[in-house]
Amino acid sequence: VVFTLPPRIGAIAYQNKAVIYDLLFKASSETLLTIAADPKRLGVKIGFTSVLHTWGSAMTHHPHVHMIVPGGGIALAGSRWISSSEDYLLPVPVLSRMFRGKMLAMLKAAHDAGRLQFFGPHADLADKAVFKAFLEPLYDTKWHVYAKRPFAGPEQVLAYLARYTHRVAISNSRLIGADQQGVTFKVKDYRIEGPGRYKTMTVAPGEFIRRFMLHVLPKGFHRIRHYGLLARSRTKADTLARVLAPSPDIADALRAIADEPAVLLREGGVIATGVDAELDELRGISQNCDAYLLDLEQRERSRSGIANLRV
């Protein structure tokens with residue numbers, strides 16, 4: 001599911017990246033959680049991962065969030081898992097209207113709290129009445145929310161995440177050439193269907209750098225966030241384990257995962273402490289290898305009677 005800010009808000013988001021990008025995360029996540037919990041819809045507690053992108057194909061400023069959403073959730077009573085239909089999750093028009101209302105309300109609250117700054121051609125928006133008038137047309141504008149067809153399976157989800165989570169504004173594969181006159185790169189026109197949507201664009205080197213720098217995020221800003229059932233919490237893991245009963249193997253496996261597991265299995269630290277005594281012992285040796293070797297050396301000296309034995 002993709003939630004996109006209208007260009008009118010994107011224009012002021014560039015001058016208020018930390019605040020407005022955070023509101024985009026908040027408005028979109030609250031919308032999805034609220035509609036999914038509505039008994040008229042799925043009536044479930046869901047979880048999802050949101051990834052912020054700020055660029056379009058031509059590297060212009062185009063803030064939007066991509067969400068990876070499981071096809072279902074836990075019943076509000078916490079008793080069982082409820083799946084959505086195979087090709088339908090939630091009504092997009094309803095998501096769009098709620099997202100619009102939440103985002104505009106949050107923008108007004110941020111302005112009232114003095115959290116927004118305006119410069120250059122937008123300097124007059126510092127006035128409350130002018131800002132209200134600036135937002136007014138957006139109440140009658142259709143806000144873009146897009147729901148992609150379900151993935152084929154877990155492998156496709158991982159492939160999608162791998163492509164999108166750490167992508168920058170433009171990949172090397174899209175660059176065609178560069179010299180003192182300009183930089184040429186591939187672009188995709190999403191308004192056109194078929195092969196005609198793939199084009200090339202050439203911009204001056206300075207303009208290329210300007211566009212790329214548009215997408216530098218504020219220091220410390222988290223562009224990947226987890227919500228609902230996927231938010232990090234031992235209580236949520238316990239809830240999932242309970243709902244997935246009566247499968248004890250799955251329940252035990254969920255409880256065995258560490259609170260903050262490593263991204264790659266080969267890095268270790270995926271299994272929680274206390275699950276396996278032998279693993280805990282080996283992990284203790286790994287984390288305190290110097291002390292372990294000294295202790296082993298002393299024990300072997302005592303056992304063998306060799307005073308200068310070295311390990």
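- Neither I170 nor L52 shares a network with the other; the hydrophobic side chains, linked directly or stepwise wherever heavy atoms of I, L, V, M, F, W or Y lie under 4.5 Å apart, form separate groups for each.
- Checking side-chain atoms of H66 against main-chain N and O of S50 turns up no donor-acceptor pair under 3.5 Å.
- Under the 4.5 Å side-chain heavy-atom criterion for ILVMFWY residues, a single connected hydrophobic cluster contains both F25 and V145.
- Checked by atom type and distance alone, the side chain of T34 never pairs as donor or acceptor with a backbone atom of T31 at under 3.5 Å.
- For the pair D179 (side chain) and G182 (backbone), a donor-acceptor distance under 3.5 Å is present.
- Relative orientation of the Y21 and H61 rings is tilted, given thresholds of 30° and 60° on the angle between their planes.
- No side-chain donor-acceptor contact under 3.5 Å links H53 to the backbone of V51.
- With hydrogens and angles disregarded, a donor-acceptor distance shorter than 3.5 Å links the side chain of N16 to the backbone of Q117.
- Closest approach of V168 to W55, counting heavy atoms only: O-CZ2, 3.5 Å.
- Formation of a donor-acceptor pair under 3.5 Å by the D276 side chain with backbone atoms of L279 is found in this model.
- With hydrophobic clusters built from ILVMFWY side chains whose heavy atoms lie under 4.5 angstrom apart, M106 shares a cluster with L138.
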Kindly indicate, with the supporting measurements, whether the criterion side chain to side chain contact (heavy atoms under 4.5 Å, CB included) is fulfilled by L5 and I20.
CA-CA 10 Å; L5 287 180; I20 294 183; 3.9 Å; yes

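- Between H144 and Y146, the angle of the ring planes stays under 30°, which puts this pair in the parallel group of the 30/60° scheme.
- Heavy-atom minimum distance, T60 versus R211: CG2-NH1, 4.3 Å.
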Mind running side chain to side chain contact (heavy atoms under 4.5 Å, CB included) on L296 and Q298 for me, showing each step along the way?
CA-CA 5 Å; L296 177 62; Q298 290 295 331; over 6 Å; no

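- Between G47 and P70, the closest heavy-atom pair is O-CD, 2.8 Å.
- Taking both residues in full, the closest heavy atoms of I192 and R197 are given as O-NE, 2.8 Å, listed atom of the first, atom of the second, then distance.
- For the side chain to side chain donor-acceptor pair (under 3.5 Å) criterion with D22, the lone passing option out of K17, H222, R225 is R225.
- The minimum heavy-atom distance linking R100 with T141 is given by the pair NH1-O, 3.1 Å.
- A cation-pi arrangement, defined by a distance under 6.0 Å to the six-membered ring centre and an angle within 45 degrees of its axis, is absent between R174 and F185.
- Both tests do not hold together for R115 against F118: distance to the six-membered ring centre under 6.0 Å, angle to the ring axis within 45°.
- Under the 3.5 Å distance criterion, the side-chain polar atoms of T202 are left unmatched by any main-chain donor or acceptor of T184.
- A distance of 8.5 Å separates OG of S96 from CH2 of W143, quoted to the nearest 0.5 Å.
- Contact annotation: the side chain of L76 never approaches that of V44 to less than 4.5 Å [non-hydrogen atoms, C-beta and beyond].
- Here CG of L33 is found 9.0 Å from CG of L229. Values are rounded to the nearest 0.5 Å.
- Without hydrogens or angle criteria, R301 side chain to L309 main chain gives a donor-acceptor distance under 3.5 Å.
- Across V187 and S57, no two heavy atoms sit closer than the pair CA-OG, 3.2 Å.
- Pairs passing the side chain to side chain donor-acceptor pair (under 3.5 Å) check and including a residue from residues 128-139, sequence neighbours excluded, read K108-Y139.
- Taking NZ of K45 as the start and CD1 of I74 as the end, the distance is 7.5 Å to the nearest 0.5 Å.
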Verify side chain to side chain contact (heavy atoms under 4.5 Å, CB included) between V2 and V65, making sure each step is shown before the conclusion.
CA-CA 6 Å; V2 182; V65 289; over 6 Å; no

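- Atoms CD1 and CZ, on I35 and R41 in that order, are 6.5 Å from each other to the nearest 0.5 Å.
- In the hydrophobic cluster analysis, where Ile, Leu, Val, Met, Phe, Trp and Tyr join through side-chain heavy atoms closer than 4.5 angstrom, V94 is grouped together with M98.
- Going from atom CG of L116 over to atom CD1 of I12 covers 6.5 Å, rounded to the nearest 0.5 Å.
- No donor-acceptor pair closer than 3.5 Å links the side chain of E30 to the backbone N or O of K102.
- A distance of 8.0 Å separates CG in L293 from CD in E297, rounded to the nearest 0.5 Å.
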